[in-house]
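Residues take their numbers from the sequence shown, with the count starting at 1. Computed over heavy atoms, backbone and side chain alike; hydrogens, waters and symmetry mates excluded.
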Amino acid sequence: MEQLTFIVRKNTWAVILGAIAFSFIIPSAGLLLKPYLNLLLGILMFLSCLDLNPREIIKSLSDFKTLFLTIIIVYFVSPSIIFLIKDYFSLEIFLGLIIAAALPAGRSSVFLSNIYGGIPIKALVSTSISNIISPVMVPMLVWLFA
């Protein structure tokens, strides 16, 4: 298993680049997977969380300083960068970039954290919290930056 993890870790860039190239060459193939995408991502997150200790997750919830810093980074750094370079985009593109930048961390962050030697428990907790508060934070950030 460690050898597979090592191979994936070293070649993730190639997999992503291959997927992008494949999507440009055969764009209709992605449409076949679209109805199953949420299910596939849910399975990916479930499988990457199987080896996590529930006590560690609860303990990680009490680390307010790290959680607050993570939420600040997730919600404010990307929109701030887009805001600083807004003059280079049309209003429509700028608004789309602000919306995309204000969205919380994706479900794959736990899996990627596990592959790249991060702390999957912290990734799970921060992703879960950022998704819970996103119905309030995303509209507020779009209003604030746009």
Side-chain angles (χ1 to χ4, degrees), residues 4-52 56-146:
L4 178 64
T5 302
F6 178 78
I7 291 170
V8 170
R9 183 181 302 159
K10 291 296 180 186
N11 298 308
T12 302
W13 66 271
V15 172
I16 293 171
L17 186 63
I20 291 170
F22 183 76
S23 69
F24 280 120
I25 295 168
I26 308 172
S28 60
L31 295 175
L32 297 173
L33 289 176
K34 187 177 179 181
Y36 308 106
L37 189 58
N38 281 330
L39 178 64
L40 291 171
L41 290 173
I43 290 170
L44 177 72
M45 186 170 180
F46 174 74
L47 293 175
S48 63
C49 293
L50 282 178
D51 61 343
L52 300 180
E56 293 283 329
I57 295 171
I58 293 169
K59 182 180 173 186
S60 183
L61 283 169
S62 65
D63 188 6
F64 294 114
K65 182 180 175 184
T66 304
L67 283 174
F68 183 72
L69 182 62
T70 303
I71 296 300
I72 293 296
I73 290 170
V74 165
Y75 280 111
F76 287 101
V77 171
S78 296
S80 297
I81 292 170
I82 299 299
F83 186 74
L84 291 175
I85 59 173
K86 70 178 180 179
D87 295 334
Y88 296 102
F89 303 107
S90 68
L91 287 176
E92 295 84 10
I93 299 294
F94 170 70
L95 181 59
L97 288 172
I98 286 292
I99 291 171
L103 293 175
R107 287 177 274 188
S108 62
S109 63
V110 178
F111 173 71
L112 292 173
S113 175
N114 200 0
I115 287 178
Y116 289 106
I119 305 171
I121 290 173
K122 292 196 182 281
L124 174 67
V125 170
S126 62
T127 299
S128 299
I129 289 175
S130 67
N131 280 299
I132 289 169
I133 65 173
S134 68
V136 173
M137 290 298 293
V138 171
M140 183 184 79
L141 289 171
V142 171
W143 176 80
L144 178 70
F145 284 101

List the atom pairs, donor and acceptor, that lie under 3.5 Å between side-chain atoms in residues 14-31 and the rest of the protein, sequence neighbours left out.
residue: S23; atom: OG; partner: A19; partner atom: O; Å: 3.4
residue: S23; atom: OG; partner: I20; partner atom: O; Å: 2.7

Using atom types as modelled, flag every donor-acceptor pair under 3.5 Å from a side chain in residues 132-146 to any protein atom, sequence neighbours excluded.
residue: S134; atom: OG; partner: N131; partner atom: O; Å: 2.9

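- The CD1 atom of I98 sits 9.0 Å away from the NZ atom of K86 when rounded to the nearest 0.5 Å.
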For residues 65-84, which side-chain donor-acceptor pairs fall under 3.5 Å, sequence neighbours excluded?
residue: T66; atom: OG1; partner: D63; partner atom: OD1; Å: 3.2
residue: T66; atom: OG1; partner: D63; partner atom: OD2; Å: 2.7
residue: T70; atom: OG1; partner: T66; partner atom: O; Å: 2.8
residue: Y75; atom: OH; partner: S130; partner atom: O; Å: 2.4
residue: S80; atom: OG; partner: F76; partner atom: O; Å: 2.5

